[in-house]
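Every number for a ligand or one of its atoms is a count from 1 in the order of the listing.
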Amino acid sequence: MTAVSMAAVQVPDLRDFTLSELTEWIGGFGEPPYRARQIFRWLWKRQIHSISEMTDLPRAFREALVARARLSPLSVVGVQSSRDGTGKLLLRLSDGEEIEAVLIPEARRLTACISSQAGCAMGCRFCLTATMGLHRNLRPAEIAGQVLALASTLAPGEHITHIVLMGMGEPLANYAATEKALQILTAKTGLGFSPRRITVSTVGLVPGIRRLARSDLGVNLAVSLTATTDEVRNDLIPINDRYPLSELLRACREFPLPPRRRMTFEYVLMAGVNDHVEDAHRLVKLLKGIRCKVNLIPLNEAPEIPFHRSSRQRTEAFQKILERAGTIGTIRESRGQDISAACGMLATADRSLDTARSVPYTPECGVEQFGSSLGS
Ligand code: SF4
């Protein structure tokens, strides 16, 4: 490796810093805290893609930053738009890894579904991402940066209202970077998202749930439960072997929930696997005492997945049993299925993105709007 490329590897990416880390880091240059807020605004509000664009910094300091820091781009290499308005971006990271991020419009919401890892090691048998295996963890800049990338595709006046970490990867298996990304996304100086509008979804990593509970992040928790016995769950979600249902639900019971908020349990319904009447009754019992709602998600079928979705009739019967017992159960309509953007369908091995090109994610680079170039 040459001296130049060594330096490039070693200098920090400014978007990896939380505001307090940035304040401390620039303190090493003798710069006051307000400079960190200036830089943070450039990075996250004005969404620049080169340090030299920070025109209100003194020239000498800017030059010092250019020499000692970097901004690594997330390049949009593919954009796809579903018939239902869901949009999917294929993003290339600075080392060539690729991830996906999805934008889901609903009645009064525009939700960004972002990834926390390139691939995933969890091996859930109903999920396409699992077939990739884990390539690597994402850095905070790469997790939070997906929100900028998605926002850059919006029409003027449109705004992302909610963020869910339900894309590729298990966020709590990449805890430190996820926590920093959440601090960055919620920082008032930057994008200023309310934690109430952010949901971290886990497949059940108990130590991560406990860590999140101890943090002061205040984000929502969603748990992909998807089975009501350890026997079935061990088969569908291998990590259940390590953190069985009793332990997982204890951690959920102990998770601090602010007033009027509910935890979400995701339940992917698979025909003949976990959609029996007995499952619905067991689910009610398992969740007793937890302020929660259940999202019933019909499986998104794919040739690589050895299961089929439950029929509409069985899905509705399952929901009715929950309702009668006073448990909120919502059937989630599958979004973006025609572009493989639906839950459990993200995997960059899918090379069918029909708009392949490489552009930085900043709005001025002319990424076309979802719906205008690709909508059908
Ligand atoms: S469901 Fe989530 S945790 Fe499981 S393999 Fe897919 S991405 Fe990973």
Side-chain angles (χ1 to χ4, degrees), residues 88-91 97-102 104 111-138 142-143 146 163-175 177-178 181 199-209 211-212 219-227 230 232-245 247-248 251-252 263-270 273-274 294-307 309 332 334-337 340-350:
K88 181 167 80 168
L89 291 189
L90 177 65
L91 300 167
E97 282 292 343
E98 290 179 349
I99 55 167
E100 292 181 342
V102 178
I104 308 158
T111 302
C113 175
I114 60 175
S115 299
S116 54
Q117 298 179 308
C120 185
M122 293 293 126
C124 304
R125 291 183 63 218
F126 52 90
C127 172
L128 211 51
T129 309
T131 61
M132 294 174 64
L134 177 65
H135 292 202
R136 73 167 171 86
N137 282 331
L138 301 189
E142 294 166 336
I143 299 173
Q146 291 168 64
I163 299 171
V164 293
L165 277 87
M166 286 186 191
M168 295 168 71
E170 162 55 59
L172 300 183
N174 182 18
Y175 188 89
T178 296
T199 300
V200 173
S201 176
T202 177
V203 83
L205 261 65
V206 170
I209 294 174
R211 239 173 125 179
L212 194 64
V219 294
N220 301 302
L221 179 68
V223 176
S224 177
L225 205 64
T226 300
D230 282 322
V232 175
R233 202 165 190 269
N234 285 345
D235 183 44
L236 296 175
I237 303 176
I239 197 71
N240 191 73
D241 226 7
R242 201 136 130 222
Y243 307 113
L245 277 169
E247 213 179 308
L248 170 58
C252 292
M263 192 171 291
T264 303
F265 288 95
E266 314 280 356
Y267 198 96
V268 180
L269 281 160
M270 289 166 254
V273 177
N274 63 354
V294 179
N295 281 342
L296 298 171
I297 305 168
L299 174 76
N300 291 304
E301 295 179 350
E304 297 87 341
I305 294 174
F307 305 111
R309 62 165 47 198
R332 303 292 294 180
S334 203
R335 305 296 307 268
Q337 229 188 326
S340 297
C343 189
M345 293 181 82
L346 297 185
T348 55
D350 169 16

Side-chain donor-acceptor contacts of residues 118-127 below 3.5 Å, not counting sequence neighbours, with atom names and distances?
unit_1 : atom_1 : unit_2 : atom_2 : d
R125   : NH1    : D235   : OD1    : 2.9
R125   : NH1    : D235   : OD2    : 2.8

Item to complete: May I have the step-by-step check of side chain to side chain contact (heavy atoms under 4.5 Å, CB included) for L225 and V294, ending in yes or no?
Response: CA-CA 9 Å; L225 205 64; V294 179; over 6 Å; no

Fill in: Of all pairs that satisfy salt bridge (charged side-chain N to carboxylate O under 4.0 Å, His left out), the ones with a partner from residues 165-174, not counting sequence neighbours
none

Fill in: Sole residue of L128, T129, I114 in side-chain contact (heavy atoms from CB on, under 4.5 Å) with M168
T129

Worksheet item: Considering A130, P238, A121, G169, which one's heavy-atom position lies nearest to atom 7 (S) of ligand 1?
Response: G169

Worksheet entry | atom 6 (Fe) of ligand 1 reached by C120 (N, O or S, under 2.8 Å) | no

Discussion item. As an exercise, identify every atom of ligand 1 less than 4.0 angstrom from a heavy atom of C127.
Written reply: 1 (S), 5 (S), 6 (Fe), 7 (S)

